[in-house]
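Here the structure is laid out as structure tokens; the discussion comes afterwards.
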Protein chains: 2
Amino acid sequence: MPPLGPDTFGFLITDIARLLRRNFEREIERAGVPVTPAEARVLAHIARCDGIRQTVLADRMGMSPMSVTSFLDSLEAAGMITRGPDPQDRRAKRVTLTDTGTALLTPIAQAGQKVRATAMAGVAPSDQDAFHRAALALRDNLGSTSQPPAEGSSK
Amino acid sequence: MPPLGPDTFGFLITDIARLLRRNFEREIERAGVPVTPAEARVLAHIARCDGIRQTVLADRMGMSPMSVTSFLDSLEAAGMITRGPDPQDRRAKRVTLTDTGTALLTPIAQAGQKVRATAMAGVAPSDQDAFHRAALALRDNLGSTSQPPAEGSSK
DNA sequence: AGATTATACTAAGGTAGGCTTAATATATGC
DNA sequence: GCATATATTAAGCCTACCTTAGTATAATCT
């Protein structure tokens, strides 16, 4: 059993996530995008499946429907998304991006890309690829997001 | 610019971190270890450098000294650590693990190992190695923890 | 038709993991 | 002496979720 320390897998990932978040927040703010990282994530998920139902979105994001509702409330109030009726199930609502929301995707992506570039500086491309492959596997293994059929990728 | 989506680097890492944390929490609870993941991390850092000063610990962990104080308060109250005077600087305190705290390291490590195994299932060993290498680089690149000279490794 | 389950939401409150400003007492270094 | 360092207290804030409880409405199953 190797020594428990800062480089232990779980702590390492947690560190990275925290640092990523800090950097992302900074870049997003610089870009003048008025969302939090988690909100950005919600937007990204919606962008991936525009018109998605709230419960499906929650499932995809691996969080409770109620938490999703909170995020959607904020995003809707900010004019970034709209929620409209589902013609096939009157209980449900489908979430779509507004033009305002859609316009935010590029700066968000750019901010993310910038952070990613910083993070990956000096890492061999093959290691980067391996990292991404492993990361996808990790996420799947740890259970969660049932993705729609991969429709082209990543990054 | 690739499409923004759930597999975007930053969101992917965030997802993994969140899932790791959930799994870790569950395993820790199963093991009957009364700490939160963040507390476990603090313990791990202390274990790495027993007798470390609080400010150094904060720096190592990439967080503010005051936040560290909060964590240490909890851990000390739980009898897992002690804070004693630094013979070389009377302003400072050195943090050490108690026997109680030390005894928690193994179950914590085991819990972490279990989660890691789950996460890495089916990932080629070479990809695992690459992942770890890249992860270390990522953390360094994103800035933070000045590590003591690597004194043997990891995982 | 009635029972059960599903969808979105409101209300309320909580945990965890930090952060910040402000200030204090004491100690160290120049 | 003055500036900086160390740990701490006080207070309040933000983000990212979670949970129980309940409601109105709708869909599905028996």
Side-chain angles (χ1 to χ4, degrees), chain A residues 10-11 13-15 17-26 28-29 34-43 45 52-59 61-77 81-95 144, chain B residues 10-11 13-22 24-26 28-29 34-43 45 51-77 81-95 144:
Chain A
F11 298 142
I13 300 298
T14 302
D15 281 349
R18 197 183 58 248
L19 293 167
L20 279 175
R21 182 202 154 104
R22 283 189 198 165
N23 280 269
F24 190 46
E25 276 180 334
R26 197 189 312 134
I28 274 190
E29 184 173 357
V35 298
T36 64
E39 285 169 346
R41 180 165 164 262
V42 176
L43 288 175
H45 272 267
I52 193 171
R53 273 194 195 165
Q54 289 185 202
T55 48
V56 177
L57 180 60
D59 190 51
M61 296 186 68
M63 56 195 288
S64 77
M66 282 190 45
S67 296
V68 160
T69 298
S70 295
F71 278 119
L72 296 181
D73 286 346
S74 299
L75 293 174
E76 186 169 27
I81 64 161
T82 59
R83 281 181 283 196
D86 180 347
Q88 296 174 312
D89 185 338
R90 282 184 298 173
R91 298 169 301 182
K93 292 187 182 174
R94 289 182 174 276
V95 188
S144 169
Chain B
F11 297 142
I13 300 299
T14 303
D15 281 349
I16 293 169
R18 197 181 60 248
L19 292 167
L20 279 176
R21 181 201 157 105
R22 281 190 198 162
F24 190 47
E25 277 180 335
R26 196 190 312 132
I28 273 188
E29 184 174 358
V35 296
T36 64
E39 286 169 346
R41 179 164 166 261
V42 177
L43 289 176
H45 272 265
I52 194 173
R53 273 193 196 167
Q54 288 184 200
T55 48
V56 178
L57 180 60
D59 191 49
R60 291 270 166 80
M61 297 185 69
M63 55 195 288
S64 77
M66 281 187 48
S67 295
V68 161
T69 298
S70 295
F71 278 118
L72 296 180
D73 286 345
S74 299
L75 293 173
E76 186 169 27
I81 65 160
T82 59
R83 282 181 282 197
D86 181 348
Q88 294 172 310
D89 184 339
R90 283 182 300 174
R91 298 169 301 182
K93 292 186 182 175
R94 288 182 173 277
V95 189
S144 169

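Residue numbers start from 1 in every chain, and the chains themselves are labelled A, B, ... in the order their sequence lines are given, proteins ahead of strands.
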(message) If you assign each of A:Asp89 and A:Asp73 to its closest nucleotide in DNA chain C, which residue comes earlier from the 5' end?
(response) A:Asp89
(request) Show the numbers, then the answer: is there a side-chain contact (heavy atoms from CB on, under 4.5 Å) between B:Thr14 and A:Leu20? (result) CA-CA 8 Å; B:Thr14 303; A:Leu20 279 175; 5.6 Å; no
(message) How many whole angstroms separate atom CD of A:Gln54 from atom C1' of C:dT10?
(response) 13 Å
(request) Return the value, rounded to whole Å, for the distance between atom NE2 of B:His45 and atom P of C:dG18. (result) 10 Å
(message) Measure NZ/B:Lys93 against C1'/C:dT28 and give the value in whole Å, please.
(response) 17 Å
(request) Calculate the interatomic distance between B:Asp86 atom CG and D:dT8 atom P; express it in whole Å. (result) 13 Å
(request) For B:Leu72 and D:dA7, give me the distance from atom CG to atom P, rounded to whole Å. (result) 10 Å
(message) Is any side-chain heavy atom of A:Thr69 closer than 4.5 Å to one of A:Arg83?
(response) yes
(request) Using a 4.0 Å cut-off on protein heavy atoms (strictly under), produce a 5'-to-3' string for nucleotides 11-19 of chain D with B for base contact, S for backbone-only sugar-phosphate contact, and - for none. (result) B---SSSBB
(request) Find the distance between CG (A:Leu57) and CD1 (A:Ile52) and round it off to the nearest 0.5 Å. (result) 5.0 Å
(message) Less than 4.5 Å apart, side chain to side chain, heavy atoms only: is that true for A:Asp89 and A:Arg53?
(response) yes
(request) Please state how far atom CG in A:Asp59 lies from atom P in C:dA8, giving the value in whole angstrom units. (result) 12 Å
(message) Just the rounded figure in Å: distance from P of C:dC19 to CD of A:Glu29.
(response) 16 Å
(request) To the nearest 10°, let me know how far the axis at one end of the helix from C:dA1-D:dT30 to C:dC30-D:dG1 is tilted from the axis at the other, five pairs an end. (result) 30°
(message) Working note: A:Val68 + A:Val42, criterion side-chain contact (heavy atoms from CB on, under 4.5 Å); need CA distance, chi angles, decisive distance, verdict.
(response) CA-CA 8 Å; A:Val68 160; A:Val42 176; 6.0 Å; no
(message) What is the distance, to the nearest angstrom, from the CG atom on B:Leu57 to the P atom on D:dT6?
(response) 13 Å
(message) Between B:Arg53 and A:Arg91, which residue's closest nucleotide on DNA chain D lies nearer the 5′ terminus?
(response) B:Arg53
(request) Ignoring backbone atoms, test whether A:Arg83 places a side-chain nitrogen or oxygen under 4.0 Å from the OP1 or OP2 oxygen of C:dA8. (result) no
(request) Mark yes or no for whether A:Asn23, through its side chain, and A:Leu19, through its backbone, hold a donor-acceptor pair below 3.5 Å. (result) yes
(message) Taking 4.0 Å as the cut-off, does a side-chain nitrogen or oxygen of B:Thr69 come that near to OP1 or OP2 on D:dT9?
(response) no
(message) Given 3.5 Å as the limit, does a donor-acceptor pair link the side chain of B:Arg41 with the main chain of B:Met61, or not?
(response) yes
(message) Contact between A:Glu25 and A:Pro37 at the side-chain level, heavy atoms closer than 4.5 Å - yes or no?
(response) yes
(request) Enter the distance from A:Glu39:CD to A:Leu72:CG here, rounded to the nearest 0.5 Å. (result) 10.0 Å
